[in-house]
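Read the structure below first, then the notes.
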Amino acid sequence: MNHIAPAAETALPELGAPFEGGFYGGIIENDDGSKHALILPPMDEGESEQELTWEQAKEFCAALRIGGKDDWTMPTLRDMTAKRDRFFPDDDQIYPAQTKVEAFKKGGPEAFQANGYWTITEFSAGYAWVQYFFNGDQLYDIKRHRWRVRAVRKYPL
C-alpha cells in the first residue's frame with residue numbers, strides 16, 4: 001500500500017483540479033481535529049459500472065490501482081456529504097446546489113450518476129448509509145441491496 005507522508009506545506013489546487021491520482025475534493029476535518037484532502041478518482045476507473053452490494057463495493061474500492069496509488073477506499077458518510085455538497089451534478093434541485101466544477105456537472109465526464117452510492121459508514125450490522133445523487137438525500141439501506149460506489153483517497157494535511 002502507498003503510504004502518504006503528511007502534506008504540511010503542500011499547495012492545494014482548485015476544487016476539481018487533478019491532484020494525487022484523481023481530482024481534488026476539498027478539505028475534510030476528522031473527528032480528532034486532523035484534516036485531510038479528499039481525492040476523487042476518475043469516474044471511468046474509480047466508479048463501479050454496475051450496482052454492487054455493500055461487501056462488493058468495499059472489495060471494488062480496495063482493489064483499485066489508479067494513478068500509481070493503491071490506497072483507494074470506500075468513502076465515509078462525511079466524505080460523501082462533502083462530495084454531495086461540492087460535486088452535485090444537477091441544477092434542478094433546491095439543495096444541494098449544482099457544482100461549479102464543469103467536469104462534474106450533469107453530462108460531464110466526471111459527473112455522478114443520478115443514483116445512490118454506498119458509504120463505508122454502517123448504520124448497524126446489516127445496514128449502511130447511502131448517498132443519493134438524484135435528490136441529495138442520505139438514507140441507510142440493507143447491505144445486500146445494490147448501489148453504485150465511487151472510491152476516495154485521503155491525503156493527510
Side-chain angles (χ1 to χ4, degrees), residues 1-7 10 12-31 34-90 96 99 101-123 127-134 136-157:
M1 175 181 280
N2 290 336
H3 292 284
I4 303 171
T10 299
L12 298 173
E14 286 186 31
L15 193 66
F19 184 68
E20 285 292 312
F23 299 98
Y24 177 64
I27 296 173
I28 304 288
E29 186 168 336
N30 303 307
D31 288 336
S34 65
K35 296 179 181 179
H36 67 270
L38 186 66
I39 303 167
L40 287 69
M43 185 176 72
D44 63 348
E45 296 178 82
E47 182 172 318
S48 61
E49 292 181 14
Q50 60 196 29
E51 295 174 353
L52 305 170
T53 68
W54 187 78
E55 287 293 336
Q56 291 170 325
K58 280 188 1 181
E59 292 170 9
F60 171 84
C61 293
L64 291 174
R65 305 293 177 264
I66 302 171
K69 310 296 183 185
D70 64 359
D71 57 348
W72 298 93
T73 186
M74 216 160 124
T76 64
L77 185 60
R78 182 176 289 174
D79 296 335
M80 267 307 204
T81 300
K83 284 183 180 186
R84 177 196 67 193
D85 292 349
R86 299 168 186 165
F87 297 103
F88 198 78
D90 211 346
T99 184
V101 182
E102 283 298 320
F104 286 86
K105 288 184 178 181
K106 186 176 181 178
E110 301 301 329
F112 284 90
Q113 305 300 306
N115 205 322
Y117 287 78
W118 281 120
T119 76
I120 194 74
T121 306
E122 294 178 272
F123 177 79
Y127 292 82
W129 287 94
V130 176
Q131 171 65 62
Y132 298 114
F133 274 90
F134 49 87
D137 287 350
Q138 296 174 325
L139 300 170
Y140 58 87
D141 199 359
I142 194 163
K143 291 178 181 179
R144 68 175 178 262
H145 284 176
R146 295 179 173 271
W147 294 107
R148 294 179 76 97
V149 67
R150 189 163 183 180
V152 295
R153 288 188 64 239
K154 298 177 181 188
Y155 189 84
L157 298 176

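As the structure is a prediction and not an experimental result, all values here were calculated from the model.
The side chain to side chain donor-acceptor pair (under 3.5 Å) test with Asp141 singles out one residue from Trp129, Trp147, Tyr127, and that residue is Trp147. Val152 pairs with exactly one of Ile120, Asp79, Asp71 by the side-chain contact (heavy atoms from CB on, under 4.5 Å) rule, that one being Asp79. Of the options Asn30, Thr119, Asp31, a side chain to side chain donor-acceptor pair (under 3.5 Å) to Arg78 is made by Asp31 and by none of the others.
For Asp44, the salt bridge (charged side-chain N to carboxylate O under 4.0 Å, His left out) criterion is met by no residue, not counting sequence neighbours. Residues satisfying the salt bridge (charged side-chain N to carboxylate O under 4.0 Å, His left out) criterion with Glu51, sequence neighbours excluded, are absent altogether. Listed by chain and residue number, nothing satisfies the side chain to side chain contact (heavy atoms under 4.5 Å, CB included) test with Pro18 (two or more places apart in sequence, or in another chain). Under the rule for a side-chain hydrogen bond (donor to acceptor under 3.5 Å, both in side chains), Arg86 has no partner lying at least two apart in sequence or in another chain. Residues passing the salt bridge (charged side-chain N to carboxylate O under 4.0 Å, His left out) test with Glu59: none are found, sequence neighbours excluded. In terms of the side chain to side chain contact (heavy atoms under 4.5 Å, CB included) criterion, residue partners of Glu55 (sequence neighbours excluded) are, by chain and number, Thr53, Lys58.
In this structure, a donor-acceptor pair under 3.5 Å is absent between the side chains of Arg146 and Gln50. Side-chain contact check for Gln138 and Thr81: at least one donor-acceptor pair (N or O, by modelled atom type) lies under 3.5 Å.
For Lys106, the NZ atom is loosely surrounded, since the number of other residues' heavy atoms within 6.0 Å does not exceed 12.
Taking the six-membered ring where the residue is Trp, Phe23 and Phe104 present perpendicular rings, their angle passing 60° and hence far from 30°.
Nearest heavy-atom pair across Gly46 and Pro41 is CA-CG, 3.6 Å. Residues Gln131 and Arg84 share a closest heavy-atom pair of NE2-CD, 3.3 Å.
Between the side chain of Lys83 and the main chain of Arg150, a donor-acceptor pair closer than 3.5 Å is present.
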Trace of the ring pair (Phe, Tyr, Trp, His ring centres under 6.0 Å) decision for Phe133 with Tyr117: CA-CA 8 Å; Phe133 274 90; Tyr117 287 78; 5.3 Å; yes
